[in-house]
Amino acid sequence: AWRRFLGQSIGSDLDTLYRPHRNAANRFWQDRQAMRAGNFTGIKGFPNQDLAMWTSQGPIADRTTETLAAGDLAVVEFRRTMLEAVKAFQAGNRAIGTGEAHVDPSVCSFQGIFPKKSDWRTSEVHAVTGTDAS
């Protein structure tokens with residue numbers, strides 16, 4: 001149900017390798033009728049809305065005029081990590097996340113809705129594999 005809500009179901013929204021069927025060429029299946037009814041973007045699921053915004057920026061964004069705030073610390077650290085990884089790779093080191101430094105497959109992100117009185121830390125989660133259909 002959560003994948004359907006997000007527009008992230010394998011088959012209808014994603015291929016078996018989790019690549020989205022929505023793309024810039026088909027305008028991310030934007031629904032103008034839904035926009036008239038109040039859906040701001042007309043694109044189902046916020047992951048698809050994010051993808052539309054990211055890809056519509058083009059391949060390179062000019063970051064020289066950005067004004068970052070304290071809430072952007074994770075963005076700054078991510079960019080720094082990626083630049084260091086590129087320099088290390090160019091110097092002949094292994095690509096980030098490969099070899100000895102790979103991330104264990106049991107480490108995964110999770111999204112879901114939990115009742116306020118429940119403790120999300122006790123929930124059992126598992127990594128999504130290419131065979132999961134839910």
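Note that CG of Asn48 is 8.5 Å distant from CZ of Phe28, once rounded to the nearest 0.5 Å. The line from CZ of Arg63 to CG of Leu68 is 9.0 Å long, rounded to the nearest 0.5 Å. The distance from atom CG of Asn23 to atom CH2 of Trp29, rounded to the nearest 0.5 Å, is 9.0 Å. Here the straight-line distance linking atom CD of Glu66 with atom CG of Asp62 works out to 8.5 Å at 0.5 Å rounding.
Residues Lys87 and Glu84 are not paired through a salt bridge, judged by the lack of any N-O separation under 4.0 Å between the basic side chain and the carboxylate. A salt bridge links Asp13 with Arg22: the distance from a Lys NZ or Arg NE/NH1/NH2 to an Asp or Glu carboxylate oxygen falls below 4.0 Å.
In this structure, the side chains of Gln8 and Leu14 come closer than 4.5 Å at one or more pairs of heavy atoms. Gln90 is listed as a side-chain neighbour of Val86, based on a closest heavy-atom distance under 4.5 Å. In this structure the side chain of Tyr18 reaches within 4.5 angstrom of the side chain of Ile10, judged on heavy atoms. Between Gln49 and Lys44 the shortest side-chain heavy-atom distance does not fall below 4.5 Å.
When the shell of 6.0 Å around CZ of Arg79 is examined, it contains more than 12 heavy atoms from other residues, nucleotides or ligands. Atom CH2 of Trp2 has more than 12 heavy atoms from other residues, nucleotides or ligands within 6.0 Å. Remark: Phe5 CZ is loosely packed, at most 12 non-hydrogen atoms of other residues, nucleotides or ligands lying under 6.0 Å away.
When atom types are taken as modelled, the side chain of Asn26 and the backbone of His21 share a donor-acceptor pair closer than 3.5 angstrom. Between the Thr41 side chain and the Ile43 main chain, a donor and an acceptor come within less than 3.5 Å of each other. Listed for the Thr55 side chain is a donor-acceptor partner under 3.5 Å among the backbone atoms of Leu51. Between the Thr81 side chain and the Glu77 main chain, a donor and an acceptor come within less than 3.5 Å of each other. The backbone N or O of Val75 sits nowhere less than 3.5 Å from a side-chain atom of Asp72 that would complete a donor-acceptor pair.
Taking hydrophobic clusters as Ile, Leu, Val, Met, Phe, Trp and Tyr residues chained together by side-chain heavy-atom distances below 4.5 Å, Met53 does not share a cluster with Phe46.
In terms of heavy atoms, Gly42 sits closest to Ala34 at CA-CB, 4.5 Å.
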Please assess His102 against Arg94 for the test side chain to side chain contact (heavy atoms under 4.5 Å, CB included), listing each intermediate value before the final yes or no. CA-CA 10 Å; His102 79 281; Arg94 288 180 157 244; over 6 Å; no

